[in-house]
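First the structure, in the form of structure tokens, and then the observations on it.
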Amino acid sequence: MTTSSYESLSHSKWDCKYHLIFVRKYRKKMLYGKIRQFLGPLFHDLGKHRSCRILEGHMVQDHVHMLIAIPPKYSVAEVIGYIKGKSAIAVARQFGGRKRNFNGERFWARGYAVSTVGFEEAKIKEYIRNQEQLDTKGADERGDF
């Protein structure tokens with residue numbers, strides 16, 4: 001890895017990549033069809049709000065795998081909380097049938113799994129791409145975002 005592959009903030013050079021996994025509440029198998037098409041671009045947009053880049057992403061029926069670059073000025077917990085919270089609200093607005101007084105907290109489970117990537121980025125990307133093989137329903141649609 002060369003210094004040219006590092007990103008810059010005003011006083012630092014950084015290369016912080018994480019493999020994130022988070023699941024649906026009660027592992028409900030709902031991440032296909034219109035919800036899958038809606039969430040992919042939304043995750044990218046929400047990541048940009050926190051200066052993050054989603055390098056690879058894939059949704060299976062009940063969970064999401066994401067390879068994301070997060071600048072060191074944000075904690076992983078802050079970014080994942082923001083992405084999960086805002087996406088839950090957006091899904092409730094879009095698919096819940098109510099425009100006001102909605103509660104998006106019932107979409108994602110509370111926890112998440114995170115692992116630093118280091119220099120194994122290619123292996124992590126391949127692992128995320130191969131998650132679709134585990135998907136039985138919705139196998140005819142692409143789950144990457």
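Note that the numbering runs from 1 along the sequence shown for the chain. The figures here come from the full heavy-atom set of this structure, side chains too, leaving out hydrogens, waters and symmetry mates.
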task = Looking only at non-hydrogen atoms, find the nearest pair between R50 and Y74 and report the distance.
result = O-CE1, 3.0 Å
message = Taking M66 as the starting point, is it possible to reach Y82 by hopping between hydrophobic residues whose side chains are less than 4.5 Å apart?
response = yes
query = Can you check whether F95 and F38 have ring centres sitting under 6.0 Å from each other?
reply = yes
key: NE2-CD1 distance between H44 and I83, expressed to the nearest 0.5 angstrom   = 10.0 Å
ask   = Do you know the tightest heavy-atom contact between S87 and K84?
value = OG-O, 3.1 Å
ask   = Just by distance, do the side chain of K29 and the backbone of R24 share a donor-acceptor pair under 3.5 Å?
value = no
key: Side chain D45, main chain P41, donor-acceptor under 3.5 Å   = no
task = Indicate the ring-plane relationship of W108 and F22, choosing parallel, tilted or perpendicular according to the 30° and 60° boundaries.
result = perpendicular
ask   = Do V64 and L42 share a hydrophobic cluster, counting only Ile, Leu, Val, Met, Phe, Trp and Tyr and linking them when any side-chain heavy atoms are less than 4.5 Å apart?
value = yes
query = Do the ring planes of Y127 and H65 sit parallel (below 30°), tilted (30 to 60°) or perpendicular (above 60°)?
reply = perpendicular
message = Within the 4.5 Å heavy-atom criterion, are H63 and I21 side-chain neighbours or not?
response = yes
message = In this structure, would I54 and I35 fall into the same cluster of hydrophobic residues linked by side-chain contacts under 4.5 Å?
response = yes
message = Going by salt bridge (Lys or Arg N to Asp or Glu O under 4.0 Å), name the residues that satisfy it together with K125, two or more places apart in sequence or in a different chain.
response = E121
query = Taking atom CZ of R53 as the centre, does the number of heavy atoms from other residues, nucleotides or ligands within less than 6.0 Å exceed 12?
reply = no
note = All heavy atoms of I68 vs all of C52, minimum pair found to be CD1-CB, 3.9 Å
For R36 against Q61, the heavy-atom pair lying closest together = NH2-N, 4.2 Å
message = Within this structure, what is the OG1-CD1 distance for the pair T116 and I124, rounded to the nearest 0.5 Å?
response = 9.0 Å
message = Ignoring hydrogens, what is the shortest heavy-atom contact between I80 and A77? Give both atom names and the distance.
response = CG2-O, 3.4 Å
query = Once you round to the nearest 0.5 Å, how far does OH of Y32 lie from CG of D62?
reply = 11.0 Å
task = Verify side-chain contact (heavy atoms from CB on, under 4.5 Å) between L67 and Y18, making sure each step is shown before the conclusion.
result = CA-CA 6 Å; L67 177 62; Y18 303 93; over 6 Å; no
note = When every non-hydrogen atom of V114 is compared with those of V76, the smallest separation belongs to CG2-CG1, 3.8 Å
task = For the pair K123 (side chain) and V117 (backbone), establish whether a donor and an acceptor sit closer than 3.5 Å, ignoring hydrogens and angles.
result = no
ask   = Ignoring hydrogens and geometry, is there a side-chain-to-backbone donor-acceptor pair from K28 to F107 under 3.5 Å?
value = no
